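Chain letters run A, B, ... following the sequence lines, proteins first and then strands; every chain starts at 1. Keep in mind it's a predicted model, so treat the numbers as computed, not measured.
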Amino acid sequence: MHDIKIIRDNPAAFDAGLALRALEPQSDRLIELDGQRREALGRQQDAETQRNALSKQIGAAKAKGDDDEFNRLRAEVDRLKGVLEEAGEQAAHFSEVLNQHLAAIPNLPFTDVPVGKEECDNQEVRRWGEPVELGFTARDHVDLGETLGQMDFGGAAAMSGARFVSLKGGLARLERALAQFMLDLHTGEHGYTEVSPPYMVRDEAMFGTGQLPKFADDLFRTTDGRWLIPTAEVPLTNLARDAIHPEASLPMRMTAYTPCFRSEAGSAGRDTRGMIRLHQFQKVEMVSLVAPQDSAAELDRMTGCAEKVMQLLELPYRVMMLCTGDMGFSARRTFDLEVWLPSQGCYREISSCSDCGDFQARRMSARYRAEGEKRPAYLHTLNGSGVAVGRALLAVMENYQREDGSIAIPEVLRPYMGGMDRLEASK
RNA sequence: GGAGAGGUGGCCGAGUGGUCGAAGGCGCACGCUUGGAAAGCGUGUAAACGGGGAACCGUUUCGAGGGUUCGAAUCCCUUCCUCUCCGCCA
């Protein structure tokens, strides 16, 4: 959510920011609405001032038993009522329209974000690791999983439809091992506190992180009007909502392992094979809440935490800075981690780390009070996958596959696999 | 699911139609006092929005939304949340 006062102070900069997102200028319209809102608000407040003064006199007259004065003042207040209602309605109307407009505008990109329209304009920042030389034709994770007899798309489709999967045996355990490894890393080494949050939330929470009002189509909704979380970013970030946090409590770093539910409306036909794009997948998420001056450094730190996961798993990856056109609604700067997939011969997204500035904090009124400051200020929010467990699973499968169809277990996961060093076909 | 009781400032807690943004207490901050500390005394201690360079001024806010009224923390309706008892249940 944008601050109308900032737009008012520098409309040209705001429109320039929108242009980076390939959006039309809006400052004129917004400032006009704000002017109408303030004009009406001023009239309303003047009328209220008069009414309050008169009401106090009425109280005094009543106390003195002066009926004439009492009735005279009452009539006077009566006349004010019309003004008050009319101005009040207008103020509320303009305020609502203004807020609707503001709520639908995405965050503006940070100055160093590459300008571009789509994925191919993203900027590679660095690479880590070399794509493995298998020495045989790489099979994809579907092929591998089904050969193992531990990955069942047909069974899942029969009960749930397309874009679901059922894992069993070693693969199910591997998924759990990955999650536990990531959580232990982030809580033990990276200073994140583990949280087990709700998976269903209200409208306000989805508005707070920016999924609503624009992206309802991407979400699943329960019959009683709640939403299934599309990422743990939603509940973790909203833990800070509607509060003023002491500066000493920052940075707040939280991590959670949760399922994520996405309708994948609009992605029909894309990634229909395998575990890349499902309606339900597991993810370890990181969320940081920091003072404004710390958010830029925190994004680098958070991206590093996600990279650490990849390095310990020895999965080759590259870091991309997303271009202005490819960033999510709430982000002002985003680094994606892309993992090498031998079967596709390319890098695919496995983590996305975003600095949202005060964009989400303003939407959910998450503030902090700096030491010695009288006025509270909005804190900055960041979120990142650390990393997507489902995609990590398939990345491990494909990168650690052997010619006989078995899959080696990465060193760091073996303690979580009961010492097992490979996955072989179920009997 | 049934029956009942509640939601007031950072916290506790008074307040059932009229100078109530709200007594009192605790906490916190500053000052006085003290050799120093404690105690004591004094002063201060919410947020949002609007106006102003600022000091400051105005409006709103007693869970939230709506209504009654000249005037609502106080009355009515809706809703959210908490607690107690019963039922059910992992």
Without decimals, in angstroms, what is the distance between [X] [atom1] and [N] [atom2]?
X: D46(A); N: rC57(B); atom1: CG; atom2: C1'; value: 12 Å
X: D3(A); N: rC49(B); atom1: CG; atom2: P; value: 8 Å
X: Q90(A); N: rG50(B); atom1: CD; atom2: P; value: 18 Å
X: Q50(A); N: rU60(B); atom1: CD; atom2: P; value: 13 Å
X: K56(A); N: rG58(B); atom1: NZ; atom2: C1'; value: 12 Å
X: K5(A); N: rG52(B); atom1: NZ; atom2: C1'; value: 14 Å
X: E204(A); N: rC81(B); atom1: CD; atom2: P; value: 10 Å
X: L41(A); N: rU59(B); atom1: CG; atom2: P; value: 12 Å

Tell me, for nucleotides 61-76 of chain B in 5' to 3' order, what letter each nucleotide earns: B for a base near a protein heavy atom under 4.0 Å, S for only sugar-phosphate near one, - for neither?
---------BS-----
Can you tell me the Watson-Crick or wobble partner of [N], both distances under 3.5 angstrom?
N: rG31(B); value: rC41(B)
N: rA55(B); value: none
N: rG17(B); value: none
N: rA72(B); value: none
N: rA46(B); value: rU61(B)
N: rA5(B); value: rU82(B)

Please tell me if R43(A) has a side-chain N or O lying less than 4.0 Å from either OP1 or OP2 of rG51(B).
no
Would you say R367(A) reaches rA48(B)'s phosphate, i.e. side-chain N/O to OP1/OP2 under 4.0 Å?
yes
Would you call [X] and [Y] a salt bridge, taking side-chain N to carboxylate O under 4.0 Å as the test?
X: R37(A); Y: D34(A); answer: yes
X: E204(A); Y: R202(A); answer: yes
X: D140(A); Y: R273(A); answer: yes
X: D358(A); Y: R362(A); answer: yes
X: R43(A); Y: E86(A); answer: yes

Return whichever of I244(A) or G42(A) has its heavy-atom-nearest nucleotide of RNA chain B closer to the 5' end.
I244(A)
Between I4(A) and A53(A), which is nearer to the 5' end of RNA chain B once each is assigned its nearest nucleotide?
I4(A)
Check whether the ring centres of F359(A) and F329(A) lie less than 6.0 Å apart, and answer yes or no.
yes
Ring centres under 6.0 Å, that's the criterion: do H2(A) and F14(A) meet it?
yes
Say whether S352(A) and D336(A), considering side chains only, have a donor N or O and an acceptor N or O under 3.5 Å apart.
yes
With a non-hydrogen cut-off below 4.0 angstrom, is [X] in contact with a base, only sugar-phosphate, or nothing?
X: R72(A); value: nothing
X: R8(A); value: sugar-phosphate
X: R369(A); value: sugar-phosphate

Looking at the base of rG50(B), is there any donor atom on it, or on the side chain of Q45(A), that sits under 3.5 Å from an acceptor on the other one?
no
Nearest to side-chain heavy atoms of N52(A), which nucleotide of rC81(B), rA47(B), rU60(B):
rU60(B)
